[in-house]
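What follows is one structure encoded as structure tokens, with my remarks underneath.
Residue indices begin at 1 and follow the sequence shown. Bear in mind that the values here come from a model prediction, so they are computed numbers and not experimental data.
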Amino acid sequence: MISKKILSVAVIAFCISVLYFFMFTPYGVHTFGETLFGGDKKKQFESSNHPSKLNGIKSISKSVHLPKKVKQPSGIDFNQEKNSFFIVTDQAEIVELSEDLVEVNSFVTMSKKPLIFRQGTVESVDFYQNKLFVGGDLGIIEIWEKQSHEWIKTGAIQSKQKNAAYMEAEALAINPSTENLYLGKDHTIAIVDQEGNLVSEFDLQVSTKDNRSVSEYAISGMDFYDGQLYVLTEYHSAILSVNPFNGEVDSIFALEGITEGAGLCVRENSFIVVVDHELNEVSPGVKFYNR
């Protein structure tokens with residue numbers, strides 16, 4: 001007969017195992033979130049359903065599978081000098097990848113907190129002057145640098161205003177001509193200097209169809225290329241070419257083959273997109289579109 005002491009130890013061990021599963025493991029956190037909050041329904045691509053007139057539709061030119069270690073990418077950038085891609089994930093991880101996106105060159109978890117408190121907090125990244133600027137629901141922009149082959153948090157940009165909503169960056173891009181940070185959320189872009197001061201803030205400026213609204217576009221990624229700001233939208237999955245001074249949208253190209261774009265990187269010939277997905281879904285990998 002099992003003694004009460006052994007039974008108590010077994011019960012405690014079981015409870016600790018269950019707690020660990022739901023707080024520290026990706027599938028446990030996913031299961032907890034789905035059970036408690038339920039999943040959001042994805043909006044499918046419909047070229048006729050865009051709130052604004054399109055300039056064209058772009059098809060996938062190339063699709064690359066990410067290493068299995070990289071789960072739920074939420075932001076992406078590329079640095080020509082390093083010849084590397086940089087990805088951040090929903091699980092608050094920084095991943096440095098080879099130019100072909102096949103090899104993991106370095107990997108770091110941004111916090112020692114249990115995964116349940118990290119999941120979904122990191123959404124955007126920009127590599128600038130050998131520093132990674134990382135944003136999301138953190139309320140600040142964290143700055144990370146690679147020192148002696150290890151990633152170290154070396155600083156942070158925070159608003160002088162308490163609980164400034166514009167610091168929650170679903171998308172992040174640095175304008176190389178001014179070194180200001182562009183932070184995107186919903187259909188609004190905030191321009192912030194590197195001391196955390198708000199320089200200006202504007203909504204996307206675009207004509208919409210009758211009974212439609214620009215708020216239907218949700219900014220999920222941004223990048224600068226040749227002085228132009230490019231914006232990825234989560235719903236209706238599109239690339240918007242945006243005037244970085246006033247938010248005027250010059251062109252809109254729908255992206256076929258994806259739902260819920262998560263992060264954008266622009267290179268000479270390509271728009272490079274990572275796509276949001278759940279842990280119980282097959283990763284869509286990285287999608288390339290001709291620019």
Side-chain angles (χ1 to χ4, degrees), residues 42-90 95-105 123-127 170-173 184 204 206 217-242 244 249-278 281-291:
K42 297 186 186 311
K43 296 188 178 182
Q44 300 296 324
F45 165 78
E46 294 180 86
S47 61
S48 61
N49 196 37
H50 277 255
S52 304
K53 182 179 179 181
L54 297 175
N55 296 88
I57 299 174
K58 292 185 178 291
S59 301
I60 296 170
S61 61
K62 182 173 71 171
S63 184
V64 178
H65 292 291
L66 288 168
K68 291 183 178 180
K69 190 175 185 179
V70 185
K71 296 179 175 67
Q72 296 185 293
S74 55
I76 186 169
D77 198 20
F78 181 80
N79 182 261
Q80 192 70 44
E81 294 180 5
K82 300 291 183 182
N83 212 30
S84 298
F85 278 99
F86 299 92
I87 283 177
V88 290
T89 73
D90 278 349
V95 189
E96 182 183 2
L97 293 157
S98 57
E99 186 178 14
D100 58 7
L101 292 162
V102 172
E103 296 181 10
V104 175
N105 295 333
E123 301 288 350
S124 52
V125 65
D126 198 314
F127 188 93
E170 294 290 325
L172 186 160
L204 294 173
V206 61
Y217 287 122
I219 297 172
S220 59
M222 296 194 297
D223 201 10
F224 274 90
Y225 192 86
D226 278 349
Q228 185 68 41
L229 177 63
Y230 293 94
V231 170
L232 171 71
T233 64
E234 180 178 4
Y235 300 136
H236 305 295
S237 296
I239 297 286
L240 281 55
S241 176
V242 178
V249 176
D250 301 322
S251 61
I252 302 175
F253 288 90
L255 303 180
E256 285 190 312
I258 66 170
T259 57
E260 292 196 52
L264 171 68
C265 172
V266 183
R267 297 187 67 181
E268 182 178 2
N269 298 316
S270 300
F271 295 119
I272 304 165
V273 176
V274 290
V275 184
D276 188 36
H277 70 95
E278 301 296 337
E281 299 173 336
V282 176
S283 171
V286 180
K287 307 300 183 185
F288 287 70
Y289 297 86
N290 292 330
R291 194 167 75 85

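Between V286 and F85, every side-chain heavy-atom pair lies at or beyond the 4.5 Å cut-off. A heavy-atom distance below 4.5 Å is found between the side chains of S84 and N105. Proximity of L204 to I219: side-chain heavy atoms (C-beta onward) are separated by under 4.5 Å at one or more points. Side-chain contact between L232 and I239: present, with at least one pair of heavy atoms (C-beta onward) separated by less than 4.5 Å.
Here S251 pairs with nothing under the side chain to side chain donor-acceptor pair (under 3.5 Å) rule; sequence neighbours left out. Qualifying side chain to side chain donor-acceptor pair (under 3.5 Å) partners for S283, counting only residues two or more places apart in sequence or in other chains: none. With sequence neighbours left out, Y289 forms a ring-ring contact (aromatic ring centres under 6.0 Å, His included) with no residue at all. Listed by chain and number, the residues in a side chain to side chain contact (heavy atoms under 4.5 Å, CB included) with D100 are S98, V102 (sequence neighbours excluded). For P51, the side chain to side chain contact (heavy atoms under 4.5 Å, CB included) criterion is met by R212, E216, Y217, H236, not counting sequence neighbours. For T89, the side chain to side chain donor-acceptor pair (under 3.5 Å) test picks out E93, with sequence neighbours left out. Under the rule for a salt bridge (charged side-chain N to carboxylate O under 4.0 Å, His left out), the partners of R267 that lie at least two apart in sequence or sit in another chain are E99. Partners of Y230 by ring-ring contact (aromatic ring centres under 6.0 Å, His included), not counting sequence neighbours, listed by chain and number: F271.
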CA sep, side-chain torsions, deciding dist, call: Q228, S241, side-chain hydrogen bond (donor to acceptor under 3.5 Å, both in side chains): CA-CA 7 Å; Q228 185 68 41; S241 176; 3.0 Å; yes
Chi angles and distances behind the side-chain contact (heavy atoms from CB on, under 4.5 Å) call for N83, F78: CA-CA 7 Å; N83 212 30; F78 181 80; 3.8 Å; yes
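Rounding to the nearest 0.5 angstrom, the gap separating the CD atom in E96 from the CZ atom in F127 is 7.5 Å. Taking CG of D77 as the start and CE of M222 as the end, the distance is 12.0 Å to the nearest 0.5 Å. Here I76 contributes atom CD1 and I87 contributes atom CD1; the two are 4.0 Å apart, rounded to the nearest 0.5 Å. Going from atom CG of L97 over to atom CZ of F86 covers 9.5 Å, rounded to the nearest 0.5 Å.
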Under 3.5 Å, side-chain donor or acceptor atoms of residues 60-69 against the rest of the protein: list the pairs with distances, not counting sequence neighbours.
| residue | atom | partner | partner atom | Å |
| --- | --- | --- | --- | --- |
| S61 | OG | F288 | O | 3.0 |
| S63 | OG | K287 | NZ | 2.8 |

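Across every non-hydrogen atom of E170 and S124, the tightest pair is O-CB, 3.8 Å. Closest approach of P73 and A262 over heavy atoms only: O-CB, 3.9 Å. When all heavy atoms are compared, the tightest approach of V242 to D250 is C-OD2, 4.3 Å. Between G75 and V274, the shortest heavy-atom distance links the atoms N-CG2, 4.2 Å. Nearest heavy atoms, P244 versus L229: CB-CB, 4.2 Å.
With N55 contributing its side chain and I252 its backbone, the two residues share a donor-acceptor pair below 3.5 Å. Between the side chain of T233 and the backbone N or O of A238, at least one donor-acceptor pair lies under 3.5 Å. In terms of modelled atom types and a separation under 3.5 Å, the side chain of D276 and the main chain of E260 share no donor-acceptor contact. One N or O on the side chain of Q72 and one on the backbone of H277 form a donor-acceptor pair closer than 3.5 Å. No donor-acceptor pair closer than 3.5 Å links the side chain of S237 to the backbone N or O of L255.
No option in D90, L172, V88 other than D90 meets the side chain to side chain contact (heavy atoms under 4.5 Å, CB included) test with E123.
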